[in-house]
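Below: the structure, in structure tokens.
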Amino acid sequence: MIRVMMVDDQPMMRAGLRMVLEAVDGVVVVAEASHGEDAVRLVDGARPDVVLMDVQMPVMDGITATKLIVARADLDARVIVLTTFDRDDYLFEALAAGASGFLLKNAPPEEIVEAVRVVAAGDALLAPAVTRRVIAAASSGRPRPVSDAQAEVANGLTDRE
């Protein structure tokens with residue numbers, strides 16, 4: 001049985017995902033959270049195998065919550081970032097935070113279910129729309145895009161730093 005936690009600030013999104021996932025044999029939704037801080041708190045009791053994590057949420061964003069959940073040695077939870085925003089900074093920050101998957105919310109339900117299965121099995125999965133960009137960034141030798149926050153920190157560094 002694959003245990004799934006859903007983290008999204010939109011109740012309708014969580015309800016839709018729950019309907020899709022609970023219709024699948026071998027998948028059970030064990031918890032829901034409306035922001036990252038709740039996810040970090042609930043993960044102990046829920047013990048999910050896979051966390052479907054939104055990015056933009058109040059209180060604590062999904063990237064920060066992903067880092068905190070993945071860093072836990074006592075958990076074997078893997079995170080799939082599921083977002084509306086097809087942005088390179090979200091993609092690369094999610095991967096750097098330890099996400100095992102990155103999907104867009106416009107993905108067909110079957111693709112989300114397959115991603116849950118793939119990630120629960122220990123593999124990784126990226127939305128086809130972003131895979132080409134990851135390959136291009138990795139093979140070009142050029143640095144990956146940075147977020148505004150990362151650029152602000154970098155701009156404050158001296159040449160030696």
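With respect to the salt-bridge test (charged N to carboxylate O, under 4.0 angstrom), the residues Arg78 and Asp76 qualify.
Cluster note: Met19 groups with no other residue, as no ILVMFWY side-chain heavy atom lies under 4.5 Å from it. Under the 4.5 angstrom side-chain criterion for Ile, Leu, Val, Met, Phe, Trp and Tyr, the cluster partners of Val29 are Ile2, Val4, Met6, Met13, Leu17, Val20, Leu21, Val24, Val27, Val50, Leu52, Ile80, Leu82, Leu103, Ile112, Val113, Val116, Val118, Val119, Leu125.
When hydrophobic clusters are built by joining Ile, Leu, Val, Met, Phe, Trp and Tyr residues whose side-chain heavy atoms come closer than 4.5 Å, directly or via intermediates, Val30 is not grouped with Val70. In this structure, Phe102 is a member of the same hydrophobic cluster as Phe85, with clusters built from ILVMFWY side-chain heavy atoms closer than 4.5 Å.
Residues Lys67 and Thr64 are not in side-chain contact: their nearest non-hydrogen atoms beyond the backbone lie 4.5 Å or more apart.
Summarising the geometry of Leu68 relative to Arg72, their closest heavy-atom pair is O-CG, 3.2 Å, with the distance given to 0.1 Å. Across all non-hydrogen atoms, the minimal contact from Ala31 to Ala46 is CB-CB, 3.7 Å. The two residues Ala39 and Ala33 come nearest to each other via the heavy atoms N-CB, 3.6 Å. The nearest pair of heavy atoms linking Thr66 to Gly98 is CG2-C, 4.4 Å. Closest of all the heavy-atom pairs between Met53 and Ile69 is CE-CD1, 3.8 Å.
Rounding to the nearest 0.5 Å gives a distance of 9.5 Å between CG of Asp38 and CE of Met60. A distance of 9.5 Å separates OG1 of Thr83 from CE of Met57, quoted to the nearest 0.5 Å.
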With side chain to side chain contact (heavy atoms under 4.5 Å, CB included) as the test, would you mind laying out the steps for Arg18 and Glu32 before giving the verdict?
-> CA-CA 9 Å; Arg18 179 179 284 279; Glu32 293 184 26; 2.6 Å; yes
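Taking the salt bridge (Lys or Arg N to Asp or Glu O under 4.0 Å) definition, one finds that Arg3 meets it with nothing, sequence neighbours left out. Legend: residues meeting side chain to side chain contact (heavy atoms under 4.5 Å, CB included) with Asn106, ordered by chain and number and at least two apart, are Leu104. Remark: Pro11 engages Arg14 in a side chain to side chain contact (heavy atoms under 4.5 Å, CB included) (not counting sequence neighbours). Residues forming a side-chain hydrogen bond (donor to acceptor under 3.5 Å, both in side chains) with Gln56 (at least two apart in sequence, or on another chain): Tyr90.
In Asp25, the CG atom is not crowded: 12 or fewer heavy atoms of neighbouring residues, nucleotides or ligands sit closer than 6.0 Å.
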